[in-house]
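Proteins come first, then strands; the chains are lettered A, B, ... in the order of their sequence lines, and each starts at number 1. What you are looking at is a predicted structure, and each value in this text was computed from that prediction instead of being measured.
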There are 2 protein chains.
Amino acid sequence: MSGFKRVTLADVASRVGVSAITISRALRTPEKVSPQLREEIARAIDELGYVPDRAARALASSRTDVIGVLIPSVTNNVFSEVLLGIYTAVENTPFDIQLGNTRYSSLKEEDLLKVFLSQKPAGLIVTGIDQSETSRALLKNAACPVVQIMEIDEDPIDLMIGFSHYEGARTATAHLIEQGYRRPGFAGARMDPRSQRRFRGFRDVATEAGLYAEERVITTTAASSVTLGAQLFAELIERAPDLDCVFCNNDDLALGVLFEAQRRRIAVPGQLGICGFNDLEMMAAAEPPITSIRTFRHDMGRRAVELLVDAIAQGRPRSGAVVDLGFELRKRSSTRSR
Amino acid sequence: MSGFKRVTLADVASRVGVSAITISRALRTPEKVSPQLREEIARAIDELGYVPDRAARALASSRTDVIGVLIPSVTNNVFSEVLLGIYTAVENTPFDIQLGNTRYSSLKEEDLLKVFLSQKPAGLIVTGIDQSETSRALLKNAACPVVQIMEIDEDPIDLMIGFSHYEGARTATAHLIEQGYRRPGFAGARMDPRSQRRFRGFRDVATEAGLYAEERVITTTAASSVTLGAQLFAELIERAPDLDCVFCNNDDLALGVLFEAQRRRIAVPGQLGICGFNDLEMMAAAEPPITSIRTFRHDMGRRAVELLVDAIAQGRPRSGAVVDLGFELRKRSSTRSR
DNA sequence: CATTGAAATGTTAGCGCTAACAAATGGATC
DNA sequence: GATCCATTTGTTAGCGCTAACATTTCAATG
């Protein structure tokens, strides 16, 4: 039952009584086909149930309608929301998404990039600004537009959309200090480059205020989780019992810190202030609700695709456009309000 | 700089001094090429940096190395963990994943299926057992193996791997009743077919124990979230103040219930027992840790791919194999232990 | 009414690979 | 050493589409 003969362009063409290329044009550049023919072709395509063969198209035109996306993790909520934005935006375009999971490894990223590039993608979305030299060169020379997402700096490969993790962390830390906390701590997991920039934001503001202390910093390369947040806080509070607030690398950790504080009967926000990063949905629902730095992940995915689609349409590679989506401090009850 | 001439099979062939088909064979069926030649070819491929052109391969062989995956949501943790399993398993195979997001719509599923099928995938992974008649027919006639994941029943389209949501819910509800709770409630969001089967498991066990009451059931079609869990519980407890435990459709809701209970100074597990479903990582870290039904999502993704790859290798379609991964009740402090 | 040129449609070739069949090679066997 | 057969390698054609160039059509113009 599976042997339905494929309906080809030629089938549609002979049905309409024109040549195959005309059908091809009606599909790709309809303005070059007369309106009445266009309509007739549309009808024939419908009746025959013709679906273009992407492989043949790709081979003939040496282009594809694939947008390659490289993200470090599929399970991290942050990236899955970006991904949702990407899928949403792609929905009404002819493009398809090809996802690659780099697992936070720039070697794996390089490999995936080579595979992706060999498929001649229409565009590429890559995460962050810390590509290896090789990857960067590959991307610079890519025959398609490239968007870097999640971060911004002054040296985009091509397009860029994101926000400053450093400034986000500065804002969070400044908030803690403004609220009267004087012995700020930092908890960080999966210290990838973005996390490290957040740490630097924390460190710089704390240092400027004369409140930085290394014993109040705990980090690990392990993957972030709520459980890990609880563990890190347990270690941190043993080591630095005078700690009066924690800025967490991300919301999972922050939630873990909250739970561990509750277990230890440490009052939040009275004895301990907690601030997360990303403002996942659950932060507002927690008890107490947790202060966090909101980032615009869905928008980032959506607009990354829009940037790409525009660039592809205009055939204008290497534009250097940088979009700063910013962030927002969401003050909630896990930090004191003076 | 982007105009590197593509390295083709022919280039490798002339370098080695054989014909193109031999290189092709060395790549796809190495056992049919003599060992020394194989080695020589491998070296040449390496030196020239040859990467096969998938489009050309697909066109010539009318097959692809793409495994299509249809899931209802990319942001739901449950599916993203399945996805991770899938990506992990696919890593050391020649296959690629093409992801489709059905957004819980069987119409969208049908559309995606048609698109996927027209690309002649090597295999398909679809979520659940509630495909539309059309989709089911398409899948039955598909020229490739198909795995249904997340659920099990006696009528697989081809392969199937999952567990019984109904039985999971029964186990959870029985646990609540065993622990002495007598006025069990149910909170459910996004009442998709799987959620409905969970509800039925709850209802049946509660009814059998003579403890079912409709006013203690609250459901919504809205997407599940922690915030929603808190809201649903708030409504539920107003409506049925005598409620003494809640079985939640999933862990997001359960966490929301816990937070809302804390806000209302309702003691967990003393005054209120809470049980979730899926056992996301955070359940064990919560304060108190939340009882849940553990499901094996990563394994499910991984083994779904393995089933598929085996079926593809054996060219044996429609096997009817059903794998029950089961589930496990994780008793924690959010439910009384007698 | 011949000329022009833009718009609409067609012809030819080939993208890079593999299916299907063909041929060569090299032992084992009588 | 002729015969057979399995193993290894090659030849030819074509998958379905589009690039590049060619041709036709037809309205506008002097």
Contact class for [X] vs. all strands (heavy atom < 4.0 Å): base, sugar-phosphate, or nothing?
X: B:R63; result: sugar-phosphate
X: A:T22; result: sugar-phosphate
X: A:Q36; result: nothing

Spell out, as yes or no, whether a donor-acceptor pair under 3.5 Å connects the side chain of B:S105 to the backbone of B:L107. yes
Backbone of B:L70 reached by a side-chain donor or acceptor of B:N101 within 3.5 Å: no
Determine, for A:R194 against A:D192, whether the closest basic-nitrogen to carboxylate-oxygen distance falls under 4.0 angstrom.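 A salt bridge links A:R194 with A:D192.
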Run the salt-bridge test on A:E306 and A:R302 with the 4.0 Å N-O cut-off and return the result as yes or no.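 Judged by the 4.0 Å cut-off on N to carboxylate O distance, A:E306 and A:R302 do form a salt bridge.
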For the side chain of A:R25 and the base of C:dG10, is some donor closer than 3.5 Å to an acceptor across the two?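 Answer is yes: a donor-acceptor pair is held.
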5′-ward residue of the pair B:S34/A:I23 relative to DNA chain D: B:S34
Taking the nucleotide of DNA chain D with the closest heavy atom to each, which residue, A:L59 or B:L37, is nearer the 5' end? B:L37
Measure from the side chain of [X], starting at C-beta and using heavy atoms only, and say which of [options] lies closest.
X: B:L9; options: D:dT18, C:dT18, D:dG10; value: C:dT18
X: B:T8; options: C:dT11, C:dC17, C:dC15; value: C:dC17
X: A:I21; options: D:dT18, D:dT11, C:dG16; value: D:dT18
X: B:S61; options: C:dT18, D:dG16, D:dG10; value: C:dT18

Taking OP1 and OP2 of D:dT18, is either one under 4.0 Å from a side-chain nitrogen or oxygen of A:R28?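 Indeed, a polar side-chain atom of A:R28 lies that close.
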Integer-rounded Å distance: C:dT18 P and B:K32 NZ: 13 Å
